[in-house]
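Ligands are counted one by one from 1 in listed order, and the atoms in each one are counted from 1 as well. From a predicted model like this one, the values you see are computed outputs, not experimental measurements.
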Amino acid sequence: MSSATPSQSSERCLESLKVANLSLILDRYMDTYNTFPKEKFYMNEDLYLYQGFWYRSGGLVLHGFISIGTVMAAQETFQANPYDIYLATLPKSGTTWLKALAFAIVNRTKYKTNSLSTHPLLISNPHDCLPFIEHEVLRTRPTYADLSDAHLFATHIPYPSLPKSIIDSGCRVVIYICRNPKGVLISWFHFINKLIEKSYGSLIIEEVFERFCKGMTPCGPYWDHVKSYYKASLEHPTRIMFLTYENMINDSENNVKRLAEFLGYPFTEEEKANGVLQEIVKLCSFENLSEVNKNGKTCGGVPKNAFFRQGKVGDWSNYLTDEMSNVIDQITLEKFNGFDITF
Ligand code: A3P
């Protein structure tokens with residue numbers, strides 16, 4: 001197993017401790033992004049179109065969210081290393097779950113999954129165990145991943161907009177998890193309503209649906225984001241793994257086994273015999289993580305329980321009319337034409 005040396009980890013940590021705060025970042029890039037096309041988002045915020053994708057303007061209304069300023073800062077400053085591992089997702093596609101699984105797999109000798117009370121995932125939210133590269137510039141404290149055997153990062157940035165150093169470094173691997181667009185939409189609908197300030201009221205499904213179909217969700221259009229990583233996975237099949245949330249739900253054990261192999265941490269025969277794989281699946285299960293994260297907020301200020309709603313496939317049918325469902329099917333058919341992406 002390859003590992004980041006402690007000095008490399010602490011250097012990067014110290015570097016991130018030096019960072020400016022969010023308003024400085026926004027000031028730095030505001031003049032540039034104010035020239036970009038923009039549309040109204042929610043709560044008096046704008047969404048900006050940058051390199052073909054939509055990003056929030058930032059601000060502190062919805063904390064912990066990717067914003068255009070932090071993406072631009074990551075592009076300018078993030079330094080990748082060849083031993084890094086990146087977990088890429090569109091928000092609401094299973095990011096939290098993937099973070100937990102990758103963290104548990106890579107660190108399973110350091111934190112025994114069966115010594116339950118000491119495992120970081122039993123005391124911390126997965127988002128506090130493993131950072132987003134687009135939050136590196138804002139980070140003021142280390143995460144467990146800084147001490148990890150391999151350096152794990154997550155990102156919502158679409159493949160073509162990743163910091164150049166990630167592409168150039170030939171990083172070890174990128175894992176992408178994609179989810180049925182209707183599942184993403186409904187999960188997003190609930191998430192934003194949970195986070196939105198009460199004074200703004202709540203959003204109705206029709207409104208969220210309409211914007212989603214126009215591609216206007218953070219890091220959207222959904223379809224372009226998914227395609228960007230799908231294409232990259234075809235170009236670099238040994239470095240980029242493309243998973244689907246639905247497949248992970250249907251066959252968690254087999255997918256976790258594949259994930260461990262791809263990450264370079266395959267389960268040994270002894271581990272298989274001792275049920276380590278099953279322990280990891282259980283540790284990272286929706287039931288377990290939602291129980292651990294019932295209270296409190298993440299370091300980014302988001303209620304921990306906002307990341308755990310149902311963890312099921314197909315709940316969209318309780319919210320979308322047949323007409324809405326058909327519209328999304330039609331867009332998906334057109335946008336994914338020629339791509340073997342199924343859910
Ligand atoms: P639902 O809102 O459909 O329940 P993200 O982590 O990208 O923000 O995605 C959140 C979605 O993943 C939510 O979907 C959440 O419930 C689900 N989720 C979180 N942890 C999970 C887990 N351990 N297993 C399965 N799904 C999980």
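Taking Lys294 as the reference, Glu291 meet the side chain to side chain donor-acceptor pair (under 3.5 Å) condition, with sequence neighbours excluded.
Look at Lys282 and Glu287 and you find no salt bridge, because none of the NZ, NE, NH1 or NH2 atoms lies under 4.0 Å from a carboxylate O. Between Lys214 and Glu210 a salt bridge is recorded (basic side-chain N to carboxylate O distance below 4.0 Å).
Rounded to the nearest 0.5 angstrom, His135 NE2 and Phe153 CZ are separated by 13.5 Å.
When each of Phe307, Phe308, Trp97 is checked for a ring-ring contact (aromatic ring centres under 6.0 Å, His included) with His127, only Phe307 meets the rule.
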Give every pair formed by an N or O atom of ligand 1 and a protein N or O atom closer than 3.5 Å, one pair per line with both atom names and the distance to 0.1 Å, or write none.
unit_1: ligand 1; atom_1: 2 (O); unit_2: Ser187; atom_2: OG; d: 2.7
unit_1: ligand 1; atom_1: 2 (O); unit_2: Arg309; atom_2: NE; d: 2.8
unit_1: ligand 1; atom_1: 3 (O); unit_2: Arg179; atom_2: NH1; d: 3.4
unit_1: ligand 1; atom_1: 3 (O); unit_2: Arg179; atom_2: NH2; d: 2.8
unit_1: ligand 1; atom_1: 3 (O); unit_2: Arg309; atom_2: NH2; d: 3.2
unit_1: ligand 1; atom_1: 4 (O); unit_2: Gln310; atom_2: N; d: 2.7
unit_1: ligand 1; atom_1: 4 (O); unit_2: Gly311; atom_2: N; d: 2.8
unit_1: ligand 1; atom_1: 6 (O); unit_2: Thr95; atom_2: N; d: 3.2
unit_1: ligand 1; atom_1: 6 (O); unit_2: Thr96; atom_2: N; d: 2.8
unit_1: ligand 1; atom_1: 6 (O); unit_2: Thr96; atom_2: OG1; d: 2.5
unit_1: ligand 1; atom_1: 7 (O); unit_2: Lys92; atom_2: N; d: 2.9
unit_1: ligand 1; atom_1: 7 (O); unit_2: Ser93; atom_2: N; d: 3.1
unit_1: ligand 1; atom_1: 7 (O); unit_2: Gly94; atom_2: N; d: 3.1
unit_1: ligand 1; atom_1: 7 (O); unit_2: Thr95; atom_2: N; d: 2.8
unit_1: ligand 1; atom_1: 7 (O); unit_2: Thr95; atom_2: OG1; d: 2.5
unit_1: ligand 1; atom_1: 8 (O); unit_2: Lys92; atom_2: NZ; d: 2.5
unit_1: ligand 1; atom_1: 9 (O); unit_2: Gly94; atom_2: N; d: 3.4
unit_1: ligand 1; atom_1: 14 (O); unit_2: Arg179; atom_2: NH1; d: 3.2
unit_1: ligand 1; atom_1: 14 (O); unit_2: Ser187; atom_2: OG; d: 3.3
unit_1: ligand 1; atom_1: 16 (O); unit_2: Arg309; atom_2: N; d: 3.0
unit_1: ligand 1; atom_1: 16 (O); unit_2: Gly311; atom_2: N; d: 3.3
unit_1: ligand 1; atom_1: 23 (N); unit_2: Cys284; atom_2: O; d: 2.8
unit_1: ligand 1; atom_1: 23 (N); unit_2: Phe286; atom_2: N; d: 3.3
unit_1: ligand 1; atom_1: 26 (N); unit_2: Tyr245; atom_2: OH; d: 2.8

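In terms of modelled atom types and a separation under 3.5 Å, the side chain of His225 and the main chain of His156 share a donor-acceptor contact.
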